[in-house]
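So the structure is just underneath, and the comments pick up after that.
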Amino acid sequence: MPAPAERLVWLVGAALVGLGFSTASAWVHYRLIEDPTYASICDVSRTFSCSNAYTSQYGAVAGVPVAVIGVVFFAFVLGLVALCARSAPARASLPGYVFAVSTAALAATLYLAYASVAVLQSICLLCVGTYAAVVTLFVVSGSAARFPLTELPARAGRDLGQLVRTPAALAAAAAFVAAASAALVLFPQQPVSAAAGETAPAVEAGQVPTATASQIQQIEQFLQQQPRVPVVAAAGDAVVLILKFNDYMCPPCRMTYLDYKPVLAKYEKLHPGKVRLETRDFPLDPECNRFAPGGTHLASCEAAVAVRLAREKGKAEQLEEWLFANQPTLTPQTVRDAARMIAGVTDMDARYASVIELVRGDIAQAGQLQVQGTPTFFMNGIRLPGLRAEFFDAAIAWELRRLGVE
C-alpha cells in the first residue's frame with residue numbers, strides 16, 4: 001500500500017488530470033454551443049465522438065454542461081487538498097472527504113458512461129479521461145481512509161471551524177465559491193434537445209429556438225463557402241430539398257428527427273411545399289450495407305424495409321416515431337411485429353428481398369456522396385455539418401432568401 005505522501009501525490013495527480021480533461025471538455029462544449037460550424041478534434045469517428053455526448057440530453061444538467069460541473073468538482077478536490085494541508089488533523093481527514101465526494105462523482109460517472117455506450121452508442125474520449133480520474137480518486141481515497149465514515153460530520157465541523165478562524169483559508173474558500181458560481185452561471189447554457197423526452201413534442205413554429213445574429217452570420221458565411229455536389233432526387237415543387245441519410249438505430253438520427261420537426265413545420269406553414277425533407281436509408285448494419293462496420297445496429301436493415309412498406313400504406317411517420325422511441329430494444333423481430341401492428345404490413349418477409357435492394361440503392365448513393373456516418377444531411381447539394389435546430393433553421397432561411405423566396 002502506498003505511503004501517505006504517495007497517496008497524496010496520487011490524489012493531486014488524479015485531480016489535476018481530471019481538471020485538465022474537464023477544462024478541455026468545457027472548451028469543446030463552449031465552441032459547440034457558440035459556433036455552428038465547429039468541428040471538434042475529438043470527433044474521430046461515429047463511434048468516438050465528443051460532440052454526440054455534449055449535445056445530447058446527457059451533456060448538461062438543468063442547462064449547465066456536465067463538463068463545467070466536472071471543472072468545479074476537480075477544482076474543489078484540489079482546494080480540499082490545499083486547505084487540509086494546513087493542519088495535521090485535517091490532513092488525516094482528507095482521504096475521507098475525498099472519498100465522500102468521489103463516491104457521488106463515481107455514481108454520476110457510471111450513469112454517464114452507461115448513457116454514452118448503451119444509449120448514444122458513442123464514446124467521448126475526453127469524457128473517458130475524466131472517468132479515469134474519478135475512479136482513481138475513489139480507489140486511492142477509499143484505501144487511504146483510516147476512520148469510519150460516520151465520523152465525517154464531526155471531523156468536517158471541526159475543520160470548518162478551523163477554516164473560519166483562519167482569514168487566509170476563509171478568503172481562499174470564498175474566492176473558490178465565487179469563481180465556481182460564476183462559471184456555472186455565466187457559461188452559455190446547453191439548449192435542451194427534443195430528444196430528451198420520450199415522445200416528439202407538439203410541432204409548432206413557436207418552439208423553434210432562435211440563433212443569435214452572430215451565429216446566423218457564422219452559419220451563412222460557412223454555407224457561402226461550401227461546394228454543391230450533384231444530388232439525384234426528385235424535388236417536385238420544393239425549392240429547398242434536404243436529404244437525410246438515416247439509420248433508425250442511430251441516436252443522433254433520433255435527435256435530429258425530433259429537433260427538426262418544428263423547423264420543418266415552420267417552413268411548411270410559411271412556404272407550403274417549398275421545403276422538403278427526404279429520408280435516404282444508410283443502415284449501419286453489415287447485413288445490407290457493405291460500408292458499415294460490425295456493431296449493434298443489427299435491426300437497421302429491417303427497419304429501413306419496414307418504413308418503406310409502411311409508406312405504401314400511409315403509415316411511415318407513425319412507424320418512424322415508434323422505431324425512434326424504441327431504439328435501444330429494436331431487434332429484427334420487434335421491427336417486423338411493429339410493422340404489422342402499426343402499419344398493417346403483413347407481407348414483409350415475402351417482400352424483404354426486393355425492398356432491401358431499394359435500400360441498397362440509397363446506400364450506393366451515399367457511397368458516391370462519401371457518406372460515412374449518420375445522420376448526414378445535404379441541402380440542395382450542400383453537405384451540412386451537424387446542426388442544432390436553430391442553426392438548421394438559419395440554414396434553410398438563408399437558402400430560401402438566396403433563391404428569392406421571402
Under the side-chain contact (heavy atoms from CB on, under 4.5 Å) rule, what do Y257 and L277 come out as? Steps first, then yes or no, please. CA-CA 10 Å; Y257 173 80; L277 174 69; over 6 Å; no

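- Using a 4.0 Å cut-off between charged side-chain N and carboxylate O, D281 and R360 make no salt bridge.
- Put simply, the side chain of L11 does not reach to within 4.5 Å of the side chain of V9, judged on heavy atoms.
- Counting only heavy atoms from C-beta outward, the side chains of V335 and L323 approach each other to under 4.5 Å.
- The local environment of CZ in F176 is crowded, with over 12 non-hydrogen atoms from other residues, nucleotides or ligands closer than 6.0 Å.
- Between K274 and E399 there is no salt bridge, since no side-chain N of the basic residue sits under 4.0 Å from a carboxylate O of the acidic one.
- T130 places no side-chain N or O within donor-acceptor distance of the main-chain N or O of G18, the cut-off being under 3.5 Å.
- Counting heavy atoms from C-beta on, the side chains of L400 and Y267 come closer than 4.5 Å.
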Verdict with supporting geometry, L384 and F391, side-chain contact (heavy atoms from CB on, under 4.5 Å): CA-CA 10 Å; L384 298 177; F391 303 146; over 6 Å; no

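- Under the 3.5 Å distance criterion, the side-chain polar atoms of E268 are matched with a main-chain donor or acceptor of G273.
- For the pair I363/F291, a side-chain contact is recorded, criterion being any heavy-atom separation below 4.5 Å from C-beta on.
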Show which side-chain atoms of residues 298-305 pair as donor or acceptor with protein atoms under 3.5 Å away, not counting sequence neighbours.
unit_1	atom_1	unit_2	atom_2	d
S300	OG	D247	OD1	2.7
S300	OG	D247	OD2	3.3
S300	OG	H297	O	3.2

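- The backbone N or O of P283 lies less than 3.5 Å from a partner atom in the side chain of N289, making a donor-acceptor pair.
- For the salt bridge (Lys or Arg N to Asp or Glu O under 4.0 Å) test with E321, the passing option among R254, K315, K261 is K261; the others fail.
- A distance-only check finds a donor-acceptor pair linking the side chain of N380 to the backbone of V239 [under 3.5 Å].
- Note that CG of L80 is 4.0 Å distant from CZ of F76, once rounded to the nearest 0.5 Å.
- What you find for F324 and C253 is that their closest heavy atoms are CE2-C, 3.9 Å.
- The two atoms that bring V240 and L403 nearest to each other are CG2-CD1, 4.3 Å, heavy atoms only.
- Annotation: side chain of D347 is not in contact with side chain of Y352 (no heavy-atom distance under 4.5 Å).
- Note that the OG1 atom of T334 and the CG atom of N326 stand 7.5 Å from one another [nearest 0.5 Å].
- Side-chain contact of E320 with Y248: a donor-acceptor pair under 3.5 Å is present, judged by distance alone.
- Side-chain contact of S25 with S22: a donor-acceptor pair under 3.5 Å is absent, judged by distance alone.
- Looking at W10 and T136, their side chains come closer than 4.5 Å, going by heavy atoms from C-beta outward.
- Shown here is F222, whose CZ atom has more than 12 heavy atoms of other residues, nucleotides or ligands within 6.0 Å.
- Atoms CD1 and CG, on I123 and L125 in that order, are 7.5 Å from each other to the nearest 0.5 Å.
- A salt bridge is defined here as a Lys NZ or Arg NE, NH1 or NH2 lying under 4.0 Å from an Asp or Glu carboxylate O, and R276 with D237 fails to meet this definition.
- Remark: SG of C50 is found under 2.5 Å from SG of C42.
- Rounded to the nearest 0.5 Å, atoms CZ (R401) and CD1 (I396) are 12.0 Å apart.
- With rounding to the nearest 0.5 Å, the separation of CZ in F21 from CG in L16 is 12.5 Å.
- For the pair T376/F378, a side-chain contact is recorded, criterion being any heavy-atom separation below 4.5 Å from C-beta on.
- Both the sub-6.0 Å distance and the 45° axial angle are not jointly satisfied by R388 relative to the ring of Y260.
- Looking at E312 and R351, a side-chain N of the basic residue comes within less than 4.0 Å of a carboxylate O on the acidic one, giving a salt bridge.
- In this structure, Q224 places its CD atom where more than 12 heavy-atom neighbours from other residues, nucleotides or ligands lie under 6.0 Å away.
- Heavy atoms only, all atoms of each residue included: Q318 and I342 are closest at CB-CG2, 3.9 Å.
- Between V231 and Q365, the closest heavy-atom pair is CG1-NE2, 3.9 Å.
- Here the side chain of Q215 pairs a donor or acceptor atom with the backbone of I33 at under 3.5 angstrom.
- A 4.5 Å side-chain heavy-atom check between Y54 and V28 finds at least one atom pair inside the cut-off.
- Nearest heavy-atom pair across T210 and E390 is C-CB, 4.0 Å.
- Scanning both residues, L319 and A310, for their nearest heavy atoms gives CD2-CB, 3.7 Å.
- Under the 3.5 Å distance criterion, the side-chain polar atoms of Q327 are matched with a main-chain donor or acceptor of C250.
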In sequence, state the C-alpha distance, the side-chain angles, and the governing distance for L264 and F392, and then conclude on side-chain contact (heavy atoms from CB on, under 4.5 Å). CA-CA 10 Å; L264 295 168; F392 183 64; 4.2 Å; yes

Please list, one pair per line, the donor and acceptor atoms closer than 3.5 Å that link side chains of residues 100-114 to other protein atoms, with sequence neighbours excluded.
unit_1	atom_1	unit_2	atom_2	d
S102	OG	V98	O	2.7
S102	OG	F99	O	3.2
T103	OG1	F99	O	2.6
T109	OG1	A105	O	2.9

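- Note that SG of C124 is 10.5 Å distant from NE2 of H29, once rounded to the nearest 0.5 Å.
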Give the C-alpha distance, both sets of side-chain angles, the deciding distance and a yes or no for side-chain contact (heavy atoms from CB on, under 4.5 Å) between D393 and L387. CA-CA 9 Å; D393 178 26; L387 296 175; over 6 Å; no

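- Using modelled atom types and a 3.5 Å distance limit, the side chains of R383 and Q226 yield no donor-acceptor pair.
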